[in-house]
Amino acid sequence: MSTQKPSIPKGTRDFGPEESSRRNYIMDIIKSNFKLYGFSQIETPAIENLSTLTGKYGDEGDKLLFKIINSGDYLKNVTTDDLEGGSQQMLSKISEKGLRYDLTVPFARFVVQHRNDITFPFKRFQIQPVWRADRPQKGRYREFYQCDADIVGTDSLWNEVNLTMLIQDVFRDLKYEQITIKINHRDILSKLASFVGLPGQEIPFCVAIDKLDKIGDEKVTEELIGLGADSAKIAELFEIFGKEDSSASKLEAIASILGSSRGIDELKDYFKFLKLAGGSDANVELDFSLARGLTYYTGVIFEVKANDVKIGSICGGGRYDNLTGVFGMENVSGVGISFGLDRIYDVLTEKNLFPTSVNQPVDALILHFDQESFEHGLGLLAKMRSAGITCEIYPDVIKIKKQFNYADKIGIPYTIVIGSEEIKTGKYAFKNMKSGEQQTLDINEIIQLIQND
RNA sequence: GUGGUUGUAGCUCAGUUGGUUAGAGCGCCUGAUUGUGGUUCAGGAGGUCGUCGGUUCGAGACCGAUCUUCCACCCCA
């Protein structure tokens with residue numbers, strides 16, 4: 001067989017030791033906050049029945065689903081009629097499974113399937129990869145991780161507030177606070193669509209106004225008029241959008257044109273609860289042009305933007321009142337958020353925010369000159385490890401220079417040198433690799449020094 | 001899915017209208033230093049020019065296809 005060039009599919013990546021430990025650093029922070037807020041972990045399969053996934057993300061989403069071709073003779077049920085019917089008709093004959101597209105829909109499936117084992121309100125978190133057959137770009141991959149936290153079986157706006165505070169805590173712990181949590185409400189979007197003269201055309205309306213910050217008022221106005229909207233009303237609306245004001249006054253302004261509305265009431269409750277819970281709204285921005293997850297969100301919607309990095313949203317979420325309905329379980333309201341691990345990684349990399357210790361493989365490396373000192377080192381290694389110090393001994397007998405070089409290269413902060421003199425006296429050359437300082441100490445002193453560091 | 005863009009050493013990039021043997025910096029290896037890394041100096045290794053095909057006496061350069069990268073649209077973490 002001829003040799004083949006090793007490669008991986010477009011939009012996928014290998015993660016080396018350094019990337020992996022950095023990804024774990026982020027994941028650990030997210031995970032510990034999920035637990036702090038009372039979420040329990042679940043996992044679902046990478047592959048789902050295609051029927052579970054299709055029709056949940058809109059036409060666009062269906063196109064981006066990775067389908068898995070049936071095993072065995074996958075053409076056995078295909079007729080020439082199917083072939084002529086085109087790819088859509090063929091699909092159901094040759095594929096019955098697909099890779100999950102997000103974690104929310106599999107979770108809804110999970111809730112319905114395990115309804116008898118679940119006590120509501122149910123809070124779950126889930127950290128797993130998802131797949132989309134999208135065309136890759138920066139911060140946009142075909143395989144990426146989502147870190148989801150959802151609460152189902154409760155209508156309270158307090159859950160939305162909880163998720164907001166969770167987001168704030170996660171980014172505080174990651175030492176990246178240049179974020180804006182944008183918030184809006186589907187009910188307001190729907191009423192705004194009617195207001196400008198596009199009743200029932202909420203989705204095209206949202207798609208247009210979502211582009212405001214990208215293409216500007218004029219272009220969006222053009223697009224809306226194209227849909228049949230009233231230009232005077234659009235102008236009126238954009239005036240409110242343009243106001244840089246407190247959330248309370250923004251709500252008042254929007255109420256002045258929409259009248260009373262469920263969305264406005266809920267957002268008022270949201271800000272009230274946030275205040276009562278001691279949360280900050282400093283990085284929470286009410287943005288009536290925010291439009292997310294149009295196919296299934298029904299209430300409050302969120303999106304987190306990195307203020308000083310050009311990348312898509314790094315976290316998003318919202319409330320869905322009837323996601324379990326399609327699986328035959330009515331009246332279960334859920335609200336959740338999803339952190340984009342890969343994008344957060346890209347942001348922290350760009351802002352240089354990973355602690356150096358993340359890449360540190362061990363605290364100390366034992367170096368030696370010959371077989372005898374190597375063997376002596378094995379005992380020390382065991383002692384260090386039982387004292388809880390991560391430690392390694394250089395495995396081969398080679399020049400000491402090489403061993404020092406190795407410790408330096410992979411970022412080990414301390415080295416312990418063993419030679420004939422050290423074996424005799426029981427005092428070892430203990431070197432701080434960063435400062436270059438070296439002192440002669442016995443093993444207990446060394447352990448103590450590292451532990452106090 | 002539509003339109004564009006990128007690919008030369010481990011990394012970042014030069015490479016003239018198509019013309020001998022494809023370069024630099026950094027990194028890597030060896031030595032100066034047989035018990036000390038990160039500095040310095042000397043030497044060395046490393047490339048089927050993304051891949052396949054075409055034009056040509058001759059292709060890293062031109063043409064086509066394909067893969068990959070990034071960008072815009074669409075949508076989204």
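In what follows, every chain begins at residue 1, and chains take the letters A, B, ... in the order their sequences are listed.
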Side chains of residues 27-34 of chain A: which donor-acceptor pairs under 3.5 Å do they make with residues two or more places apart or in other chains?
| unit_1 | atom_1 | unit_2 | atom_2 | d |
| --- | --- | --- | --- | --- |
| A:Ser32 | OG | A:Asp28 | O | 3.1 |
| A:Ser32 | OG | A:Ile29 | O | 3.1 |
| A:Asn33 | ND2 | A:Ile29 | O | 3.0 |
| A:Asn33 | ND2 | A:Asp173 | OD2 | 3.0 |

*In a check of side chain to side chain donor-acceptor pair (under 3.5 Å) between A:Gln126 and each of A:Asp150, A:Thr104, A:Thr44, which one passes?*
A:Thr44
_side chain to side chain donor-acceptor pair (under 3.5 Å) involving A:Arg292 - partner list, sequence neighbours excluded_ = A:Asp210, A:Glu303
_Non-neighbouring partners of A:Thr180 that pass side chain to side chain donor-acceptor pair (under 3.5 Å), sequence neighbours left out_ = A:Asn307
Are the side chain of [X] and the backbone N or O of [Y] linked by a donor-acceptor pair below 3.5 Å?
{"X": "A:Thr390", "Y": "A:Asp363", "result": "yes"}
{"X": "A:Lys434", "Y": "A:Asn432", "result": "no"}
{"X": "A:Glu266", "Y": "A:Gly263", "result": "no"}
{"X": "A:Arg13", "Y": "A:Glu143", "result": "yes"}

*asked:* Less than 3.5 Å apart, any donor N or O on the side chain of A:Asn283 or A:Glu177 sitting next to an acceptor on the other?
replied: no
*Is a side-chain donor-acceptor pair under 3.5 Å present for A:Glu422 with A:Ser373?*
no
_Residue pairs fulfilling ring-ring contact (aromatic ring centres under 6.0 Å, His included) with at least one residue in residues 340-375 of chain A, sequence neighbours excluded_ = A:Tyr25-A:Phe354, A:Tyr345-A:Phe354, A:His368-A:Phe374
*Can you pull the ring-ring contact (aromatic ring centres under 6.0 Å, His included) pairs that have at least one residue in residues 421-453 of chain A, sequence neighbours excluded?*
A:His376-A:Tyr428, A:Tyr414-A:Phe430
*Indicate the ring-plane relationship of A:His114 and A:Phe110, choosing parallel, tilted or perpendicular according to the 30° and 60° boundaries.*
tilted
*According to the interplanar angle, ranging from 0 to 90°, do the rings of A:Phe171 and A:Phe339 count as parallel (below 30°), tilted (30 to 60°) or perpendicular (above 60°)?*
tilted
Just the table, please: protein N/O against nucleotides 44-52 of chain B N/O, every pair under 3.5 Å.
| unit_1 | atom_1 | unit_2 | atom_2 | d |
| --- | --- | --- | --- | --- |
| B:G50 | O2' | A:Lys5 | NZ | 2.4 |

*Under the 3.5 Å rule, do the base of B:C73 and the side chain of A:Arg135 count as making a donor-acceptor pair?*
no
Determine the Euclidean distance between corresponding [atom1] atoms of [M] and [N]; express it in Å to zero decimal places.
{"N": "B:C62", "M": "B:G18", "atom1": "C1'", "value": "8 Å"}
{"N": "B:U39", "M": "B:G64", "atom1": "P", "value": "48 Å"}
{"N": "B:G60", "M": "B:C13", "atom1": "C1'", "value": "15 Å"}
{"N": "B:G10", "M": "B:C71", "atom1": "P", "value": "25 Å"}
{"N": "B:C67", "M": "B:U51", "atom1": "P", "value": "15 Å"}
{"N": "B:G7", "M": "B:C73", "atom1": "C1'", "value": "24 Å"}
{"N": "B:G25", "M": "B:U40", "atom1": "P", "value": "14 Å"}
{"N": "B:U12", "M": "B:G27", "atom1": "C1'", "value": "11 Å"}

*Looking at RNA chain B, which of residues 202-219 of chain A put a heavy atom within less than 4.0 Å of it?*
A:Val207, A:Lys211, A:Lys214
*asked:* Please list all pairs meeting salt bridge (charged side-chain N to carboxylate O under 4.0 Å, His left out) that have one or both residues in residues 280-290 of chain A, counting only residues at least two apart or in different chains.
replied: A:Lys182-A:Asp287
Nucleotide [N], atom [atom2] - distance to [atom1] of [X] in whole Å:
{"X": "A:Lys63", "N": "B:C75", "atom1": "NZ", "atom2": "C1'", "answer": "10 Å"}
{"X": "A:Leu64", "N": "B:U2", "atom1": "CG", "atom2": "P", "answer": "13 Å"}
{"X": "A:Lys138", "N": "B:C76", "atom1": "NZ", "atom2": "C1'", "answer": "17 Å"}

Considering only nitrogen or oxygen atoms on both sides, find all protein atoms under 3.5 Å from nucleotides 64-68 of chain B and state each distance.
| unit_1 | atom_1 | unit_2 | atom_2 | d |
| --- | --- | --- | --- | --- |
| B:U68 | OP1 | A:Lys10 | N | 3.2 |
| B:U68 | OP2 | A:Lys10 | NZ | 3.3 |

Touch check for [X], heavy atoms < 4.0 angstrom, all strands: base, sugar-phosphate only, or nothing?
{"X": "A:Lys305", "result": "nothing"}
{"X": "A:Cys147", "result": "nothing"}
{"X": "A:Gly139", "result": "base"}
{"X": "A:Gln137", "result": "base"}

_Charged N-O contact under 4.0 Å between A:Arg124 and A:Glu43_ = no
*Stacking check A:Phe144 vs B:A77 (5.5 Å / 30 deg)*: yes
Provide a list of protein-nucleic acid N or O atom pairs under 3.5 angstrom, restricted to nucleotides 34-40 of chain B.
| unit_1 | atom_1 | unit_2 | atom_2 | d |
| --- | --- | --- | --- | --- |
| B:G35 | N1 | A:Glu422 | OE1 | 3.0 |
| B:G35 | N1 | A:Glu422 | OE2 | 3.0 |
| B:G35 | N2 | A:Glu422 | OE2 | 2.5 |
| B:U36 | O2 | A:Lys431 | NZ | 3.0 |
| B:U36 | O2 | A:Gln438 | OE1 | 3.2 |
| B:U36 | N3 | A:Gln438 | OE1 | 2.8 |
| B:U36 | N3 | A:Gln438 | NE2 | 3.2 |
| B:U36 | O4 | A:Gln438 | NE2 | 2.7 |
| B:G37 | O2' | A:Asn405 | OD1 | 3.2 |
| B:G37 | O2' | A:Asp408 | OD2 | 3.3 |
| B:G37 | N7 | A:Lys431 | NZ | 2.9 |
| B:G37 | O6 | A:Lys431 | NZ | 3.3 |
| B:G37 | N1 | A:Met433 | O | 2.5 |
| B:G37 | N2 | A:Asp408 | OD1 | 2.9 |
| B:G37 | N2 | A:Met433 | O | 2.6 |
| B:G38 | O4' | A:Asp408 | OD2 | 3.2 |
| B:G38 | N2 | A:Lys434 | O | 2.6 |

*Taking Watson-Crick and G-U wobble pairs with both distances under 3.5 Å, convert RNA chain B into its dot-bracket string, 5' to 3', dots for unpaired and | for cross-strand pairs.*
((((..(..((((.....[...)))).(((((.......))))).....(((((..]....))))))..))))....
_Per A:Arg140 side chain, nearest of listed nucleotides B:A72, B:C75, B:C29_ = B:C75
*Listed by chain and number, what are the ring-ring contact (aromatic ring centres under 6.0 Å, His included) partners of A:Phe271, not counting sequence neighbours?*
none
